[in-house]
J.: 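Please find one structure pasted underneath; my questions will follow.
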Amino acid sequence: MGIDVISWVAVVFVLISAASMLTVRDWRFALGALALQYLAAFWLVSRHLPFAMSSIKLIAGWMTIAILGITRLNQTELDTDADTIHTGGTIFQAILMGIVALSAAGATPLIENAIPGMGLPVIMGGLALIGAGVINLGMTSDILRVTIGLLTMLSGFEIIYAAVESAILVTGLLALVNLGLGILGSYLLLAGYIPLTSPEEEEL
Amino acid sequence: MSAPILWIVLPFLTGGLILVLFGEKYSSYAGGMLSAILALTAVFIPIDTALLIGSISLKISPAVEVFGRSFQLNTTDAPLLAMIYGVSALWFFGAEASGKTLRFAPLGLIIVSLLTASIAVEPFLYAALFLAMATMLAVPMLVPLYQKPGRGTVRFIIYQIFAMPFILFSGWMLAGVEANPGNLASTLQAGLMLSMGFAFLFGIFPLYHWIPKLMEETSPYAASFLLWAFPTFTIIFALGFLDRYTWLRNTPQISNVILSSGIIMTATAGFFGAFQRHLGRTLAYAAIAETGLLLAAISLRSVDFLSIVFLILISRGVELSTWALAISVIKQKAYLLKFSDVQGLARKYPVATGALIFAHLSTTGFPLLGGFPPRLALWQELSSASPIAMLWIFLGMAGILISAIRSLATLVMADEDAKWEWNETWAQTAMLVIGTFGLILLGILPQVLQPFLRGLPALFEHLAQ
């Protein structure tokens with residue numbers, strides 16, 4: 001009973017973090033929300049996987065956030081435009097997140113019936129993250145936001161997939177994919193940001 | 001020595017070492033040499049058979065275990081490995097001639113090794129994870145650090161990563177369907193999941209809009225390499241699914257869906273391709289149309305359909321590498337590659353223009369070129385299976401032919417007093433001539449591939465029957 005309550009609390013954290021990532025423009029807040037999301041995802045994954053394997057997802061996720069955060073921290077010039085709050089857009093995104101949460105809540109019992117034993121909080125958390133990730137990807141072309149969207153979608157998938165597949169190789173490869181996305185996002189953030197100078201120009 | 005270590009770990013590690021240690025020029029040679037050696041090894045040294053060389057006994061074992069799962073490359077995989085690494089060698093040798101192709105050979109080698117891992121891993125549906133990793137490694141090849149990533153690159157990443165969850169989950173669902181084939185709902189769900197996964201991987205209409213964008217905003221050589229590598233391994237992955245699950249193979253509706261997807265891809269790509277005014281985008285649409293042809297081929301249930309698929313794959317490798325190299329050579333003079341920029345360049349780059357037109361015509365199925373024999377066989381099979389499908393595919397190919405004629409007209413539209421020049425380097429000329437000669441050889445003497453084609457269908461024991 002107590003564990004179920006914690007699982008539902010994790011789902012609430014998932015919803016709050018997903019909504020924050022969508023609506024708040026500040027990248028620091030978005031990455032913080034992503035960290036919270038990984039913590040909640042860790043708990044939901046641990047319902048079906050051993051603690052050690054679940055913690056791989058948490059560690060890989062937080063490492064990814066660290067990579068993205070360090071890269072973005074050095075790009076202060078980008079802060080002026082990206083961090084402006086657009087109230088209209090924020091309300092629209094909040095409504096979209098509400099639709100995702102409602103759709104996930106509606107689909108959860110159906111999936112539980114189709115695949116018994118997964119657990120309602122696990123399905124609800126997974127679906128909400130997949131939906132939030134897809135919305136994030138559909139609404140922006142900003143590299144950091146696209147990376148966050150992909151990571152969110154993947155962690156939602158991982159929560160559900162952990163219930164049906166517990167192979168170590170898959171866990172390891174999924175952690176690698178997460179880390180790879182972090183490095184890739186970091187690379188793309190840097191691309192075009194570093195001015196190209198030839199050695200001759202540097203000497204001048 | 002085991003086969004996965006030789007054809008997966010070795011190129012992966014060597015790619016990493018080349019990336020760190022070698023310069024651009026030598027990395028292409030090193031990557032090309034290693035690929036050629038691996039292709040020849042696959043041809044001449046049998047897997048899982050002891051060979052006596054003097055007093056030394058040499059045997060390549062077929063499997064290696066990693067975390068309780070195995071990577072297997074059997075004797076039947078040898079022709080495929082030879083084909084993959086042989087065509088890769090062509091790409092890597094051509095990279096140096098193509099000019100500025102950032103970290104192409106080392107990253108290409110790592111990508112090919114990961115894609116090879118995708119066909120070796122058991123359970124085979126884990127291949128989706130390797131495809132996702134290969135996608136991520138492809139990005140530094142496409143986007144140099146001094147260039148902002150474009151929308152095509154971002155869409156490429158999103159779509160390829162999106163495919164992974166669908167494929168992994170559908171694999172799990174398919175196992176359930178096989179255990180309980182009467183459950184129509186779960187069959188439908190599994191089929192839908194699988195279709196979505198492959199729609200993203202193949203870039204089935206309308207999900208292919210990122211391909212022309214990618215060709216426009218990145219190095220055409222690197223982007224074309226990906227247009228060869230990813231669909232090739234995805235086709236093999238898809239054939240693995242069809243081979244493994246009886247109900248997928250025997251359900252006529254699934255064949256119809258695959259055929260329809262192929263027709264729509266070919267017809268729409270031909271239609272859009274005919275109106276393009278950019279050399280890179282014409283290549284992109286031709287590649288999309290060819291992927292459509294591959295889908296149409298795997299929807300067939302005839303005896304020879306596997307041979308048609310592999311014949312298309314081999315000719316596609318030669319076509320795209322030659323075409324991409326020709327475009328890269330022309331790009332050195334006309335960076336934007338728009339028709340207005342490349343007008344009349346045939347007199348400045350005659351070899352590149354010739355190779356480009358030959359490769360372009362080959363993708364349309366022009367007689368006596370590499371693309372002709374598989375298309376002829378495909379049309380022959382389709383004429384009895386579905387004449388309407390054949391007509392639509394023919395129209396798609398006609399669109400690609402129109403774009404070839406428009407490209408040719410633009411390239412030769414020079415001033416009357418413009419002099420003929422020869423601006424290609426020796427390396428570029430040699431690689432372009434080899435590619436063009438290869439296309440002509442495949443067109444006139446397709447039977448040279450017979451030794452390969454005889455062995456390749458054995459990869460899929462149920463489909464080959």
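Quick caveat: nothing in here was measured; it's all calculated off a predicted structure. Chain letters run A, B, ... following the sequence lines, proteins first, then strands; residues in each count from 1.
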J.: I need the minimum non-hydrogen distance between B:Met133 and A:Val177, along with the two atoms involved.
T.: CG-CG2, 4.0 Å

J.: With a 4.5 angstrom heavy-atom cut-off, is it the side chain or the backbone of A:Leu184 that approaches chain B, or both, or neither?
T.: side chain

J.: Identify the two heavy atoms, one from A:Ala191 and one from B:Pro144, that lie closest to each other, and give their separation to 0.1 Å.
T.: CB-O, 3.9 Å

J.: Please list all pairs passing the salt bridge (charged side-chain N to carboxylate O under 4.0 Å, His left out) test where one or both residues lie in residues 118-144 of chain B, with sequence neighbours left out.
T.: B:Glu122-B:Arg244

J.: At a heavy-atom separation under 4.5 Å, does A:Leu150 approach chain B through its side chain, its backbone, both, or neither?
T.: side chain

J.: Between A:Ile143, A:Ile183, A:Leu173, A:Ile160, who has the most heavy-atom pairs with chain B when the cutoff is under 4.5 Å?
T.: A:Leu173

J.: Test: salt bridge (charged side-chain N to carboxylate O under 4.0 Å, His left out). Region: residues 52-68 of chain A. Which pairs qualify, not counting sequence neighbours?
T.: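 Sorted pair list: A:Lys57-A:Glu158.
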
J.: Does atom CE of A:Met63 have more than 12 heavy-atom neighbours, drawn from other residues, nucleotides or ligands, at distances under 6.0 Å?
T.: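 Counting neighbours around CE of A:Met63, 12 or fewer heavy atoms of other residues, nucleotides or ligands fall under 6.0 Å, so no.
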
J.: Heavy atoms only: give me the nearest A:Ala167-B:Tyr126 pair and the separation to one decimal.
T.: CB-OH, 3.4 Å

J.: Using non-hydrogen atoms only, which part of A:Ile130 is less than 4.5 Å away from chain B: side chain, backbone, both, or neither?
T.: neither

J.: Going by the salt bridge (charged side-chain N to carboxylate O under 4.0 Å, His left out) test, which pairs reach into residues 163-172 of chain A, not counting sequence neighbours?
T.: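 Sorted result for residues 163-172 of chain A: A:Glu165-B:Arg69.
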
J.: Between A:Leu174 and chain B, with a heavy-atom cut-off of 4.5 Å, which part of the residue counts as in contact: side chain, backbone, both or neither?
T.: both

J.: Strictly less than 4.5 Å between heavy atoms, which residues of residues 157-174 of chain B line up against chain A? Please order them by number.
T.: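 Heavy-atom contacts from residues 157-174 of chain B to chain A are B:Ile157, B:Ile158, B:Ile161, B:Phe162, B:Met164, B:Pro165, B:Leu168, B:Phe169, B:Trp172.
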
J.: Should we say atom CG of B:Leu17 is surrounded by more than 12 heavy atoms from elsewhere, each under 6.0 Å from it?
T.: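 Yes, because the 6.0 Å sphere around CG of B:Leu17 holds more than 12 heavy atoms from other groups.
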
